[in-house]
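This report concerns only the one structure given below.
Here the structure is a predicted model, which is why all the values come from computation and not from measurement. We use all heavy atoms of the structure for the numbers below, so side chains are in, but hydrogens, waters and symmetry mates are not.
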Amino acid sequence: MEFLAVVTVLIVIQVWGHGAVIQRDDWVDSTYRRLQAVKDHRWRLAILILLPVVAVILVDGLLTGVLFGLPLLLFYIAVLLYALGRGDFTSELDLYVAAWQRGDLESAYEHACQLEDFDGSASMHNAAELHEQVRRAIFYEGFERWFVVVFWFVLLGPAAALLYRLCKIMDSRIGSDASEQSLLDQMVFYIEWLPARSLALTFAIVGDFERGIQAVAPVAVDASPAGEVLHVTGSAVLSGDIGAAISEQQFTEQAEAELRSAQKILSRSVFCWLVFLALLQLM
């Protein structure tokens, strides 16, 4: 059932580009405002995040075995679509590359700011620094949009996938309460820890295995955040490093090629995970 839901959602994303039709987060903001009367930040987050998760668990149980599993499959698809990352990643990257090709670093920087985990402190006038931060953001964006969600969806069910997305939504929107922000950062870190290492290993399998293993080994069991693990491993398995003594035009072309290679690594990793899930279904 989970595998069929994952494949269906992947097809939907390929056709529409994103799941914006079902990814409505207004209820999160309105519910959070109503919960401001709750003084303890842990209780606020528990009510906001855990109640929907418990509701998904209850619905999952109620629909199991009903009408040959069709309602449950539709429910899984809906929850998984909601739990995926927001926005159209491919379109944003294409806009960034188009600005990069024109040499318009200011416009490229503005599009880069739409990517998850992009370091906004990067200089928009330093092409090398901007490129490195965007490359890092691409690996993490692909991870948080699909891989971590599917990982926990398959392992623990739709409730786990929803838990991650709600934590990410709140983590990116609070900012005013240090206690809440710290707690959410910790939750996201622990939820992402194992999937990030799994994807890093996948990068090594679908890319340069020797370089990938050498890169992931030092960070495999430490406290490095997901973005760092994926950046280190993903950068290592890319086809080649950009040379230092090259012209501006050559750097622009090679940087663009590197970003496209990063996209291909993510795409091949998706295929690798689908093959693995299919094999699990046959066992």
Salt-bridge contact Arg136-Glu141 (side-chain N to carboxylate O under 4.0 Å):
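Salt bridge between Arg136 and Glu141, a charged N being under 4.0 Å from a carboxylate O: no.
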Residues Asp40 and Arg42 bridged, charged N to O under 4.0 Å:
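Result for this pair is yes, salt bridge flagged.
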Does a side-chain heavy-atom distance below 4.5 Å link [X] with [Y]?
X      : Y      : value
Ile138 : Leu266 : yes
His231 : Glu132 : yes
Leu81  : Ile13  : yes
Arg102 : Ser107 : yes
Thr8   : Leu80  : no
Val232 : Val216 : no
Leu201 : Ile213 : yes
Ile47  : Thr31  : no

Would you compute the distance between atom [atom1] of [X] and atom [atom2] of [Y] and round it to the nearest 0.5 angstrom?
X      : Y      : atom1 : atom2 : result
Glu2   : Leu73  : CD    : CG    : 10.0 Å
Phe75  : Leu72  : CZ    : CG    : 8.0 Å
Leu50  : Leu163 : CG    : CG    : 7.0 Å
Ile205 : Cys272 : CD1   : SG    : 5.0 Å
Leu230 : Glu144 : CG    : CD    : 11.0 Å
Ile77  : Ile11  : CD1   : CD1   : 9.5 Å

Give the intermediate values and the outcome of side-chain hydrogen bond (donor to acceptor under 3.5 Å, both in side chains) for residues Tyr96 and Glu110.
CA-CA 8 Å; Tyr96 169 83; Glu110 292 176 357; over 6 Å; no
Any chance you could lay out the salt bridge (charged side-chain N to carboxylate O under 4.0 Å, His left out) test for Asp222 and Arg197, step after step, and finish with the verdict?
CA-CA 10 Å; Asp222 68 3; Arg197 273 73 184 169; 3.3 Å; yes
Taking [Y]'s backbone N and O only, do any of them form a donor-acceptor pair with [X]'s side chain (distance below 3.5 Å, no angle check)?
X      : Y      : result
Trp152 : Leu162 : no
Gln23  : Gly85  : yes
Gln133 : Glu129 : no
Arg211 : Val237 : no
Ser172 : Ile169 : yes
Ser30  : Trp27  : yes
Arg145 : Arg86  : yes

Taking the ring of Phe139 and the ring of Phe203, is the distance between their centroids below 6.0 Å?
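Judged by ring-centre distance (under 6.0 Å), Phe203 and Phe139 do meet the cut-off.
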Show, in sequence, the C-alpha distance, side-chain angles and deciding distance for Leu166 and Leu48, and conclude whether the side chain to side chain contact (heavy atoms under 4.5 Å, CB included) test is met.
CA-CA 9 Å; Leu166 291 177; Leu48 179 59; over 6 Å; no
Check the orientation of Trp100 and His131. Use parallel for under 30°, tilted for 30 to 60°, and perpendicular for over 60°.
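Aromatic pair Trp100/His131 classed tilted.
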Ring-plane angle category for Phe147 and Trp273, please: parallel below 30°, perpendicular beyond 60°, tilted otherwise.
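Phe147 and Trp273: perpendicular rings.
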In sequence, state the C-alpha distance, the side-chain angles, and the governing distance for Glu228 and Tyr140, and then conclude on side-chain hydrogen bond (donor to acceptor under 3.5 Å, both in side chains).
CA-CA 9 Å; Glu228 180 64 23; Tyr140 183 77; over 6 Å; no
Can you confirm whether [X] is buried at [atom1], in the sense that more than 12 heavy atoms of other residues, nucleotides or ligands lie under 6.0 Å from that atom?
X      : atom1 : result
Phe276 : CZ    : no
Glu210 : CD    : no
Phe271 : CZ    : no
Arg260 : CZ    : yes

On a heavy-atom basis, which atom in [X] and which in [Y] lie closest, and how many Å separate them?
X      : Y      : value
Ala112 : Val134 : CB-CG2, 3.7 Å
Ala78  : Ile22  : O-CD1, 3.5 Å
Tyr76  : Pro158 : CE1-CG, 3.6 Å
Ala161 : Ala83  : O-CB, 3.6 Å
Arg165 : Leu84  : NE-O, 3.4 Å
Ala262 : Leu238 : N-CD2, 3.8 Å

Same cluster (ILVMFWY, side-chain, under 4.5 Å), [X] and [Y]:
X      : Y      : value
Phe68  : Phe3   : no
Val28  : Val53  : yes
Val149 : Leu74  : no
Val275 : Trp146 : no
Leu70  : Val6   : no

Would you sort out whether Glu180 and Met170 count as a side chain to side chain contact (heavy atoms under 4.5 Å, CB included), showing the intermediate values?
CA-CA 9 Å; Glu180 286 182 339; Met170 293 305 300; 5.8 Å; no
In sequence, state the C-alpha distance, the side-chain angles, and the governing distance for Tyr109 and Asp104, and then conclude on side-chain hydrogen bond (donor to acceptor under 3.5 Å, both in side chains).
CA-CA 9 Å; Tyr109 179 88; Asp104 186 352; over 6 Å; no
Checking side chain to side chain contact (heavy atoms under 4.5 Å, CB included) for the pair Thr233/Leu199: CA distance, chi angles, key distance, verdict?
CA-CA 9 Å; Thr233 311; Leu199 181 56; over 6 Å; no
Between Asp25 and Tyr82: side-chain donor-acceptor atoms closer than 3.5 Å:
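Side chains of Asp25 and Tyr82: pair found under 3.5 Å.
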Does the side chain to side chain contact (heavy atoms under 4.5 Å, CB included) test come out yes or no for Trp43 and Leu35, once each step is laid out?
CA-CA 9 Å; Trp43 277 107; Leu35 292 173; over 6 Å; no
